[in-house]
Participant: 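Here it is, the structure in full.
Just so you know, these numbers use all the heavy atoms, side chains as well, and skip hydrogens, waters and symmetry mates. Order of appearance sets the numbers: ligands from 1, and atoms from 1 within every ligand.
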Amino acid sequence: MIIDCHGHYTTAPKGLQDFRDAQIAGVNDPSQRPTGDPKVSDDEIRQSIEGAQMKLQRERGLDLTIFSPRASAMAHHIGDEAISRQWTRVCNDMIARVVALYPDNFIGVCQLPQSPGAPPANSVAELERCVTELGFVGCNLNPDPSGGHWDSPPLTDRAWYPIYEKMVELDVPAMVHVSSSCNPNFHATGAHYINADTTAFMQFITSDLFKDFPTLRMIIPHGGGAVPYHWGRYRGLAQDMKRPPLSELVMENVFFDTCVYHQAGIDLLLKVIPNKNILFGSEMVGAVRGVDPESGFNYDDTKRYIEAANITPAERKAIYEGNALTVFPRLKTRLQARGLLG
Ligand SMILES: [Zn+2]
């Protein structure tokens, strides 16, 4: 199987955005706040998926996408915690509807109702609802709900521990994933995302988080930000700080996806990062939508780079399937139950 661990519902029907627009209008004028569910039919969902994610899955030969709400639209910084909670719930419910319509092609990962200044513990109930009621297999955890101002404690602070306790209890991983940036210094997908990936890794190195939670699993997307390219820096920093080697310190718990949009970047990722820590991902349809004139193919057609990489068939299979099943045990159980795994 080829499992894409990183896909967002970037093509959701207009009714979802209408709901969000009403919510945003309601930030200052409560009378405009929407109630109930967004007006979106199953046919609209089918249309939005068939022409985009499903089409690309078929064209590229991918089997299943681990699917979450559009990351840039999480925008935890808009409105207060109640608005974030309502938006999170409708976005997660929308993912559940996609999975119900295409159970062999998608599995859900939830966004969390985070909000600047709100205790992370307040996100635990929605995580539990999504996993136990909607059948989701993981969550996206935003290390910076402020949208680019970084005024929350680091991911290693005990304030985050209630989420980790629930993740461990439910046996689900988190993808560390920021949302849109409201700081004009940081372009969302070009700077804020990559900064956050790099920042999260360095936070993990400086803490005993994975001593406290030996089975906690974190996926750092976008190829791990700057980390693989600067691997020597991180090894050296850990050494200078008298920390254990990275293999012991973080690499039983931290995983990188393959959302790196050129061959040389993927080659470096695969050379530097242990095979067991790499999950196939494309983030389609998403961050970069164009065609690379140098290759003639979409930048985010990441399977091509894995196919062309100098690795063994067993290593390739681990990246496509095995590692994802290890990191997402609930996905494995689900695929086995549906007879989709050998
Ligand atoms: Zn993403």
Side-chain angles (χ1 to χ4, degrees), residues 3-12 16 48-49 52-53 56-57 60 62 64-77 87-88 91-92 94-95 98-99 106-112 114 130 136-145 147-148 155 172-182 186-201 217-228 254-262 265-266 269 278-290 298-303 305 319 323-324 327-328 331:
I3 299 167
D4 184 342
C5 79
H6 191 170
H8 302 293
Y9 197 7
T10 49
T11 57
L16 186 63
S48 72
I49 290 284
Q53 288 85 359
L56 292 173
Q57 272 191 6
R60 298 178 184 182
L62 313 180
L64 178 128
T65 301
I66 299 177
F67 205 49
S68 59
R70 188 178 168 198
S72 63
M74 295 191 295
H76 295 114
H77 57 275
W87 175 234
T88 296
C91 286
N92 289 334
M94 201 60 73
I95 295 298
V98 172
V99 174
F106 296 94
I107 187 87
V109 154
C110 63
Q111 84 178 49
L112 296 173
Q114 298 175 249
C130 289
F136 287 16
V137 297
C139 60
N140 289 337
L141 180 66
N142 185 349
D144 174 31
L155 286 175
V172 296
M175 180 175 276
V176 178
H177 206 309
V178 286
S179 184
S180 53
S181 164
C182 58
F186 304 127
H187 182 278
T189 50
H192 188 39
Y193 281 25
I194 309 301
N195 294 347
D197 304 336
T198 312
T199 298
F201 189 77
R217 298 179 302 282
M218 297 282 197
I219 301 156
I220 301 189
H222 321 113
V227 170
V254 175
F255 303 85
F256 298 141
D257 75 11
T258 62
C259 296
V260 176
Y261 293 156
H262 67 142
I266 287 288
L269 176 77
I278 302 173
L279 273 57
F280 176 73
S282 73
E283 205 176 20
M284 64 88 172
V285 181
V288 176
R289 301 189 183 206
N298 286 82
Y299 289 99
D300 68 3
D301 188 355
T302 52
K303 185 179 159 217
Y305 313 131
I319 291 170
N323 296 343
V327 173
F328 292 91
L331 171 62

Participant: Looking only at side chains, do H222 and E283 share a donor and an acceptor under 3.5 Å apart?
Facilitator: yes

Participant: Please find the N/O/S atom of E283 nearest to the Zn ion (ligand 1) and write down its name.
Facilitator: OE2

Participant: Do any N/O/S atoms of H222 come under 2.8 Å of the Zn ion (ligand 1)?
Facilitator: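 No - counting backbone and side chain alike, H222 has no N, O or S atom under 2.8 Å.
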
Participant: Using a distance threshold of 2.8 Å, state whether an N, O or S atom of C259 lies below it from the Zn ion (ligand 1).
Facilitator: no

Participant: Students often mix this up, so state it plainly: with edges at 30° and 60°, are the rings of F67 and F106 parallel, tilted or perpendicular?
Facilitator: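 Correct class here is tilted.
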
Participant: Indicate whether the side chain of N142 and that of S179 have a donor and an acceptor atom separated by less than 3.5 Å.
Facilitator: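 Short answer, no.
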
Participant: Is it true that Y193 and H187 have ring centroids separated by less than 6.0 Å?
Facilitator: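 Not under 6.0 Å, so no.
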
Participant: Is the ring pair F201/F256 parallel, tilted or perpendicular, if the boundaries are 30 and 60 degrees?
Facilitator: tilted

Participant: Roughly, to 10 degrees, what angle do H177 atom NE2 and H8 atom NE2 form around the Zn ion (ligand 1)?
Facilitator: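 Computed angle, vertex at the Zn ion (ligand 1), rounded to 10 degrees: 100°.
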
Participant: For the Zn ion (ligand 1), give me the closest N/O/S atom belonging to H6, just the atom name.
Facilitator: NE2

